[in-house]
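Notes follow once the structure below has been shown.
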There are 2 protein chains.
Amino acid sequence: MQQVAAEAGVSISTVSKVINGRYGVSAETVDHVTQVIDRLGYEASLVARSLRNRRTNVIGVLVMDFEPFSTEVLKGVAEAIHGSGYELIAYSAGGHVEAQVGWERRSLTRLMGSLVDGAVLVTPTVTDVQADGPVVAVDPHTGPSGLPSVAADNLQGARLGVEHLLRSGHTRIGMITGRSDLLSAQQREQGYREALAAAGLRVDEALVRPGGFDPELAREAARELLSHPEPPTAIFAANDLSALVTLEVAAELGLDVPRQLSVVGFDNIPESAVADPPLTTVQQPIRRMGQEAADMLLALIAGEAVADVHRTLATSLVLRASTAPPTPAS
Amino acid sequence: MQQVAAEAGVSISTVSKVINGRYGVSAETVDHVTQVIDRLGYEASLVARSLRNRRTNVIGVLVMDFEPFSTEVLKGVAEAIHGSGYELIAYSAGGHVEAQVGWERRSLTRLMGSLVDGAVLVTPTVTDVQADGPVVAVDPHTGPSGLPSVAADNLQGARLGVEHLLRSGHTRIGMITGRSDLLSAQQREQGYREALAAAGLRVDEALVRPGGFDPELAREAARELLSHPEPPTAIFAANDLSALVTLEVAAELGLDVPRQLSVVGFDNIPESAVADPPLTTVQQPIRRMGQEAADMLLALIAGEAVADVHRTLATSLVLRASTAPPTPAS
DNA sequence: TTGAAAGCGCTAACAT
DNA sequence: ATGTTAGCGCTTTCAA
């Protein structure tokens, strides 16, 4: 900015006024300074500007790490932001081990109040944060709390998946559960139990094994289920990763999917479509979640009243080739 | 920071010293201040710190928009950054129309020199930028120029795709080309021509139609090719989007793919795996490109000499169901 | 060992 | 219409 001022032969503040379109500058000066700016390819430093201004016109997406889920949310947010005049910054503290716990609060204090006018927090574990600006949580791990939030309907999704199996004629349906400290996992298990109950079926606790959203734990759980003296004819996994592992275990044991075993997952990650066989799964509308969160955030920033601060988006069943009616013979 | 200082009964500068582990503070004071910091959940503002320091320990990924390609690069960069101690910021000016041209320079001047120590520029059109820090371009549209860059081997990829068709026995192979102002598109066309030439085949210019990487143009091109009096038995499309459109046109015309027409795409976007039929295509190692770019950037920031500043990564053929030998009858 | 003061690039209130 | 000055939150001399 100094360069521009020197080059144009005016003061720094005049340049600032030109850039920000403030009154009190002659049209002539505006022209001249504008030309110099263009010639030098100057653009105000986002940082310096943020430090001085309360408003930055930037919204932030704070993530623990850039993985498939968070980047999908990011795409949704970007779509919703288009044409709003806002810029977008996605921030990850880098996923180092020490940064694990409390990354939400840390990231928030680092960016909010400067740099960003509001933030979307993706899959936070802690939601009792307070920041000096609007914050919307996407898929909070501990459920809707103080923070406005957008999440998928895990309960309904799980019922969808299990009901599909029930309709196919399965009655002995096992489940590989998720991380018990996460609300999403609890709800998926609850949906499983509710669907069975609604069908008048009793839950055989021996068929509910912990998978912890973890491939190795899930592998163990799948082995246990399939080596049960009276094994299930279908397995509902709390996430696709666990379902994919179940597919592998079934292959190891020489079980034909879907003829001898049906498998339903949850998430619909890209890998599921190209699995062998392609996985039938419950899809979360991740992009939509990002869009809704961004819409909500924009409204919050604009000071508008937001009616439903805890939104739940419907999930849907994606039918592929890992499910079929049970074979009477088996 | 004022709060912390007040709470701890010390000066602001002492707090700063504690945070940055500077010498000249008693162990006792360090302990006390650290406790207060933890209790208040304080974290230094990234912005204020950037403004003062030359070094920020943050690297930036600058994109025009958050779409599938750029987010895939982002994932690769994130992987490479893990454990390096760097934080990651991805920035998009928002994709508004006025920001279209020259977004690379603008973003760069906005963020570099403050906020980020170095940047990865994704698919820039302009590469003659100069910033006061290292910059690496991923898949620059105009080819390797001044900027260090990482790109896929478009030439080799195109040959791979066309050679697959040739090996299957096709001799009448059409092409839907890409945006002629983009190097990647030019190279893909060149690869097509070279592969045919290497097979001793002459290129029938009537079978090379412009698709511009645009669905509508591509649709038109596909229609022209397939309504040719002597239509090709196979089509190589410059990108998956065009190939997918070609599949649609073939279906409209009642052509069976791959029995009556083989189609090969380029990119391997997720949609291609679930197309009908699943598309055989040339895959770009997008994640790897992000990783390589990040590795290079890190080395550049560390002041290390980087031998190969223009890297080209090999592409590979993904065989799916849209190709087959030509039917002698047709 | 600690604190006071200057300054990073910018904007806004104020003075000319 | 233009320039001067203070200060955003932080780090870093430098002095106490």
Side-chain angles (χ1 to χ4, degrees), chain A residues 1-34 36-37 40-58 87 106 108-117 131-133, chain B residues 1-34 36-37 40-58 87 106 108-117 131-133:
Chain A
M1 188 139 160
Q2 277 186 341
Q3 275 195 38
V4 175
E7 192 87 9
V10 296
S11 75
I12 293 185
S13 54
T14 301
V15 175
S16 171
K17 284 172 192 162
V18 171
I19 289 175
N20 295 288
R22 294 281 175 275
Y23 293 110
V25 187
S26 70
E28 182 177 15
T29 311
V30 171
D31 271 9
H32 180 213
V33 173
T34 306
V36 174
I37 289 177
L40 266 49
Y42 169 84
E43 191 83 2
S45 156
L46 189 58
V47 168
R49 176 175 286 186
S50 305
L51 192 53
R52 197 60 175 75
N53 287 0
R54 186 109 204 93
R55 189 160 176 110
T56 61
N57 252 34
V58 177
E87 299 177 359
R106 269 201 275 271
L108 228 31
T109 41
R110 268 171 94 65
L111 300 197
M112 285 284 281
S114 51
L115 234 215
V116 302
D117 291 340
D132 53 357
Chain B
M1 188 138 161
Q2 278 186 341
Q3 275 195 38
V4 175
E7 191 87 9
V10 295
S11 76
I12 293 185
S13 49
T14 301
V15 175
S16 171
K17 283 171 191 161
V18 171
I19 291 176
N20 297 287
R22 293 280 174 277
Y23 294 110
V25 187
S26 71
E28 184 179 12
T29 311
V30 170
D31 272 8
H32 181 213
V33 173
T34 306
V36 174
I37 289 178
L40 264 50
Y42 170 84
E43 191 84 1
S45 156
L46 189 58
V47 169
R49 177 174 283 187
S50 307
L51 193 53
R52 196 61 172 72
N53 288 359
R54 187 107 204 95
R55 187 156 176 114
T56 61
N57 254 33
V58 176
E87 299 177 359
R106 268 201 276 271
L108 229 31
T109 40
R110 269 172 92 67
L111 302 197
M112 287 283 281
S114 50
L115 234 214
V116 302
D117 291 339
D132 53 357

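In what follows, every heavy atom counts, from backbone to side chain, and hydrogens, waters and symmetry copies are set aside. To find a chain, count down the sequence lines: A is the first, B the second, and so on, and within it residues start at 1.
In this structure B/L51 satisfies the side chain to side chain contact (heavy atoms under 4.5 Å, CB included) test together with A/V47, A/A48, A/L51, sequence neighbours excluded. For A/N57, the side chain to side chain contact (heavy atoms under 4.5 Å, CB included) criterion is met by A/R55, A/Y86, A/D117, not counting sequence neighbours. Looking at residues two or more places apart in sequence or on another chain, you find a side chain to side chain contact (heavy atoms under 4.5 Å, CB included) between A/E43 and B/R106, B/T109, B/R110. In this structure A/T29 satisfies the side chain to side chain donor-acceptor pair (under 3.5 Å) test together with A/S26, sequence neighbours excluded. Under the side chain to side chain contact (heavy atoms under 4.5 Å, CB included) criterion, B/A8 pairs with B/V10, B/H32, B/V33, B/V36, sequence neighbours left out. Applying the salt bridge (Lys or Arg N to Asp or Glu O under 4.0 Å) criterion to A/D132, with sequence neighbours excluded, gives A/R54. With sequence neighbours excluded, the residues that form a side chain to side chain donor-acceptor pair (under 3.5 Å) with A/S11 are A/S13, A/T14.
Five base pairs at each end of the helix from C/dT1-D/dA16 to C/dT16-D/dA1 define two local axes, and these are offset by 50° (rounded to 10°).
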Protein heavy-atom contacts under 4.0 Å, written 5' to 3' over nucleotides 5-14 of chain D as B (base), S (sugar-phosphate only) or - (none), form the string -BBBBBBB--
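Using a 4.0 Å heavy-atom cutoff across all strands shown, B/S50 reaches no nucleic acid atom at all.
Sorted by first then second residue, the salt bridge (charged side-chain N to carboxylate O under 4.0 Å, His left out) pairs that include residues 19-31 of chain B, not counting sequence neighbours, number zero. Under the salt bridge (charged side-chain N to carboxylate O under 4.0 Å, His left out) criterion, the residue pairs touching residues 7-17 of chain A are A/E7-A/R39, with sequence neighbours excluded.
In terms of heavy atoms, B/L46 sits closest to B/S50 at O-OG, 2.5 Å.
Mapping heavy-atom proximity under 4.0 Å, the span of DNA chain C touched by chain B runs 5' to 3' from C/dT1 to C/dG9.
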